[in-house]
Amino acid sequence: MTRWHLAHGRHLDLGAKSLLMGILNVTPDSFSDGGEFDRPERALQQARRMIGEGAAIIDVGGESTRPGAGAVSAREEQSRILPVIEALSSDGGSLVSVDTYRAETARLAVAAGAHIVNDVHGLQREPDIAHVAAETGAGLVIMHTGRGREKLADVIADQFLFLNRSLEIARDAGIPDDRIVLDPGFAFAKDAEENLELMARFGELRALGFPLLVGTSRKRLARHLVGGSDEGRDVGTAATSVILRLKGASIFRVHNVAVNRDALAFADAVRERETVE
């Protein structure tokens with residue numbers, strides 16, 4: 001078991017049981033639920049529903065990361081997410097993550113009550129975000145991406161290349177290892193075959209020595225294998241969650257918390273029995 005230290009004196013213990021991170025897109029154009037929760041009152045209602053279903057963390061994002069999505073300004077991103085983060089933090093019990101690559105957005109979000117910074121560019125788009133995480137004590141999710149760069153042909157070799165560079169940035173900024181979780185970035189400039197290869201070899205990422213978060217929810221891999229409906233994609237997501245849990249993942253970033261919670265209960269039971277035996 002590993003203790004993940006977060007901002008505002010909070011922590012999470014990772015390893016013994018799967019932990020769920022509920023996705024809250026406060027955007028009009030996210031690929032799965034864009035526009036559903038772009039008003040603060042609806043966003044809060046959804047967040048509280050996911051917490052009730054078992055989400056340990058709510059991940060709040062104000063800019064879509066789907067391929068081809070239009071960029072938004074920092075001011076627009078902040079106006080979308082900060083009221084929601086402030087309201088969630090006032091509830092007291094919720095752990096909140098901010099999904100951003102912008103250093104100033106991360107700083108304001110932690111000041112508003114966020115505990116975790118989740119950077120889909122792995123600190124390599126705005127490296128100053130690492131200093132924000134160091135100064136605020138936030139937990140940090142460093143994600144791998146293939147966007148905007150030449151990838152190595154081998155999917156695992158490319159993971160190590162990119163993530164080791166991100167870890168250098170984090171360490172240079174003074175971020176302790178016990179505040180870092182890694183995410184292999186399923187579907188971020190990876191086609192269906194690359195995603196399957198990454199999933200099959202996922203256990204190799206444990207050599208990096210950090211807890212692992214995965215975000216396969218409703219992505220192209222699920223659509224490729226089981227079709228395009230939300231129900232089909234949620235079933236596909238739950239299947240990938242179980243596979244990746246058995247290969248060592250600790251945190252699961254999902255849209256449908258209840259389905260993944262129930263599926264992961266079986267994976268946890270199997271892992272516990274393997275440990276006992």
Side-chain angles (χ1 to χ4, degrees), residues 1-26 32-33 37 43-61 81 84-100 106 109-110 112-120 133 136-143 178-184 186 210-218 234 237-238 240-272:
M1 186 166 63
T2 300
R3 178 155 289 183
W4 187 22
H5 292 274
L6 314 174
H8 310 299
R10 302 289 294 273
H11 69 267
L12 281 169
D13 289 326
L14 308 178
K17 296 290 184 183
S18 305
L19 291 179
L20 291 155
M21 173 186 277
I23 298 169
L24 187 61
N25 292 316
V26 192
S32 175
D33 54 6
F37 312 117
L44 288 169
Q45 183 179 30
Q46 172 67 358
R48 289 165 181 153
R49 184 180 70 80
M50 290 191 290
I51 292 165
E53 291 176 346
I57 307 163
I58 301 299
D59 190 44
V60 183
I81 66 172
V84 176
I85 291 171
E86 288 171 354
L88 283 172
S89 65
S90 71
D91 285 350
S94 307
L95 288 174
V96 180
S97 169
V98 57
D99 181 356
T100 187
V110 177
H115 306 88
I116 299 161
V117 174
N118 177 14
D119 182 1
V120 299
T136 61
L140 180 63
V141 179
I142 296 174
M143 197 194 81
D178 63 8
R179 294 190 182 273
I180 297 172
V181 165
L182 302 180
D183 177 353
F186 282 97
F210 290 87
L212 298 168
L213 178 152
V214 293
T216 60
S217 189
R218 297 182 180 174
D234 286 340
T237 300
T240 64
S241 294
V242 168
I243 292 166
L244 293 167
R245 177 59 175 159
L246 295 177
K247 290 179 176 286
S250 296
I251 306 172
F252 301 83
R253 183 178 181 274
V254 298
H255 297 86
N256 189 322
V257 172
V259 167
N260 285 275
R261 175 201 65 204
D262 293 347
L264 285 164
F266 285 92
D268 284 344
V270 170
R271 278 175 54 94
E272 183 178 3

Exercise for the section: Could you tell me which non-hydrogen atom of I23 sits nearest to which non-hydrogen atom of S217, and how far apart they are? Expected result: CD1-CB, 4.1 Å

Handout entry: Test item: T240 side-chain N/O and T216 main-chain N/O as donor-acceptor pair under 3.5 Å
Key = no

Problem - Distance (rounded to the nearest 0.5 Å) between I85 CD1 and S90 OG - result: 12.0 Å

Practice task
Check the pair D234 / R218 against side chain to side chain contact (heavy atoms under 4.5 Å, CB included), numbers first and verdict last.
Solution key: CA-CA 6 Å; D234 286 340; R218 297 182 180 174; 2.8 Å; yes

Problem - Within-4.5 Å side-chain heavy-atom neighbours: D119 and I142 - result: no

Exercise for the section: Output the distance between atom CD1 (I58) and atom CE (M50), rounded to the nearest 0.5 Å. Expected result: 4.0 Å

Handout entry: Partner residues of Q45 under the side chain to side chain contact (heavy atoms under 4.5 Å, CB included) criterion, sequence neighbours left out
Key = none

Problem - Rounded distance [0.5 Å steps], CD in Q46 versus NE2 in H255 - result: 9.5 Å

Handout entry: Expected output: side-chain R10 to main-chain L95 donor-acceptor under 3.5 Å
Key = no

Practice task
List the atom of T2, the atom of P211, and the distance in Å for their closest heavy-atom pair.
Solution key: CG2-CG, 4.0 Å

Exercise for the section: Check whether any side-chain heavy atom of V60 sits under 4.5 Å from a side-chain heavy atom of V98, and report yes or no. Expected result: no

Problem - Residues in side-chain hydrogen bond (donor to acceptor under 3.5 Å, both in side chains) contact with R48, at least two apart in sequence or another chain - result: D91

Problem - With H8 via side-chain hydrogen bond (donor to acceptor under 3.5 Å, both in side chains) - residues at least two apart - result: none

Fill in the blank from the handout: Correct closest heavy-atom pair for A55 and G22 would be CB-N, 4.0 Å

Handout entry: Sub-4.5 Å side-chain heavy-atom contact between L246 and V270
Key = yes

Problem - Set of side chain to side chain contact (heavy atoms under 4.5 Å, CB included) partners for A238, sequence neighbours left out - result: V259, N260, A263

Exercise for the section: Please step through side chain to side chain contact (heavy atoms under 4.5 Å, CB included) for the pair L24 and V84, ending with a clear verdict. Expected result: CA-CA 10 Å; L24 187 61; V84 176; 3.9 Å; yes

Practice task
Without swapping roles, check the side chain of W4 against the backbone of L12 for a donor-acceptor pair under 3.5 Å.
Solution key: no

Handout entry: Separation between OG of S250 and CG of L213, rounded to the nearest 0.5 Å
Key = 9.0 Å

Completion exercise
For D59, the side chain to side chain contact (heavy atoms under 4.5 Å, CB included) test, sequence neighbours excluded, returns M21, S97, D99, N118, R253

Completion exercise
Heavy-atom closest pair (M1 atom, A16 atom, distance to 0.1 Å) is SD-CB, 4.4 Å

Exercise for the section: Determine, step by step, whether V117 and V141 satisfy the side chain to side chain contact (heavy atoms under 4.5 Å, CB included) criterion, reporting the C-alpha distance in whole Å, the side-chain angles of both residues, the deciding distance to 0.1 Å, and the verdict. Expected result: CA-CA 6 Å; V117 174; V141 179; over 6 Å; no

Exercise for the section: Can you see which heavy atom on I81 is nearest to which on G61, and at what distance? Expected result: CG2-C, 3.6 Å

Problem - Approximate separation, where rounding is to 0.5 Å, of I57 CD1 and S94 OG - result: 11.0 Å

Problem - Donor-acceptor contact below 3.5 Å, side chain S89 vs main chain A112 - result: yes

Problem - Counterpart residues, side-chain hydrogen bond (donor to acceptor under 3.5 Å, both in side chains), relative to S18 (two or more places apart) - result: R245, D268

Problem - Under 3.5 Å: donor-acceptor pair, side chain of R3, backbone of L14 - result: no

Problem - Rounded distance (nearest 0.5 Å) linking atom CD1 of I180 with atom CG of L140 - result: 6.0 Å

Handout entry: Any F210 side-chain heavy atom under 4.5 Å of V181 side chain
Key = no

Handout entry: salt bridge (charged side-chain N to carboxylate O under 4.0 Å, His left out) against D178, all qualifying residues, sequence neighbours excluded
Key = none

Problem - All side-chain hydrogen bond (donor to acceptor under 3.5 Å, both in side chains) counterparts of E86, not counting sequence neighbours - result: none

Problem - Over all atoms of both residues, closest heavy-atom pair of L264 and S241 - result: CD2-O, 3.6 Å

Exercise for the section: Report the residues that fulfil side chain to side chain contact (heavy atoms under 4.5 Å, CB included) with T136, sequence neighbours left out, ordered by chain and then residue number. Expected result: V110, V132, A138

